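First comes the structure, then the notes that go with it.
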Amino acid sequence: MLGHRYFGRLLVGSVSGRLSLGVVPVALILAAQADGHFLACAGVLAALYGIAPALGLPLLARSADLRGLLLPCCLGAALVAVALGTLAVAGTARLPLAVGCAVLAGAGCPPLEGGLRSLWHGVLPDDAPVRTACTLDPGLLHPGDRLRHGPGPGRHGGRLALPGRGP
């Protein structure tokens, strides 16, 4: 798997994109508490960020279906960057602005998972590596799953990535 062209780039891009999805709620909580808000208020900011992709992802995914992946991923990433940049500069002292930025950042999350799954067929030569990549995807590529499932899926998924291994 690791020897296939572009596999490493897709892997790094996917992991780094998904890692930020898990880090932003923690950063929102820490920033809100540093600005003097109660933990409940900080949790609401993180929850709004976590719920907002339910609004934005269907629109970005539909746009990806119609126009390809590049435009929605770039627009979503730009929206997230502007919202989080504004939040970093302004802080969470003005709560309505912080809420708006958190919602916009969550809603602008690019459709990474669906986009990655659609790219495997173009990058990998036949169905066997695609099945292996789709097996690796939930087990190895989701950094947040380490907290929920422990090291098991990543350990077994990493074994599948070795030459000569497959599902």
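Computed from a predicted structure; not experimentally measured.
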Side-chain atoms of residues 61-83: list all donor-acceptor pairs with protein atoms under 3.5 Å, sequence neighbours left out, distances to 0.1 Å.
none

(request) Any chance you could measure Leu55, atom CG, to Leu60, atom CG, to the nearest 0.5 Å? (result) 11.0 Å

(message) So Cys101 and Tyr49, do their side chains get closer than 4.5 Å, heavy atoms only?
(response) no

(message) Any heavy-atom pair between the side chains of Leu45 and Ile29 that's under 4.5 Å?
(response) no

(request) Mind checking the CG-OG1 spacing from Leu97 to Thr92? Nearest 0.5 Å is all I need. (result) 10.0 Å

(message) Are the side chains of Leu87 and Leu28 in contact, using a 4.5 Å heavy-atom criterion?
(response) yes

(message) Taking the side chain as everything from C-beta on, heavy atoms only, tell me whether Leu95 gets closer than 4.5 Å to Cys41.
(response) yes

(request) Identify the heavy atoms of Ala42 and Gln33 that sit nearest to each other, and give their distance. (result) CB-CG, 4.3 Å

(request) Compare every heavy atom of Pro53 with every heavy atom of Cys109, then report the nearest pair and how far apart it is. (result) SG-CG, 4.3 Å

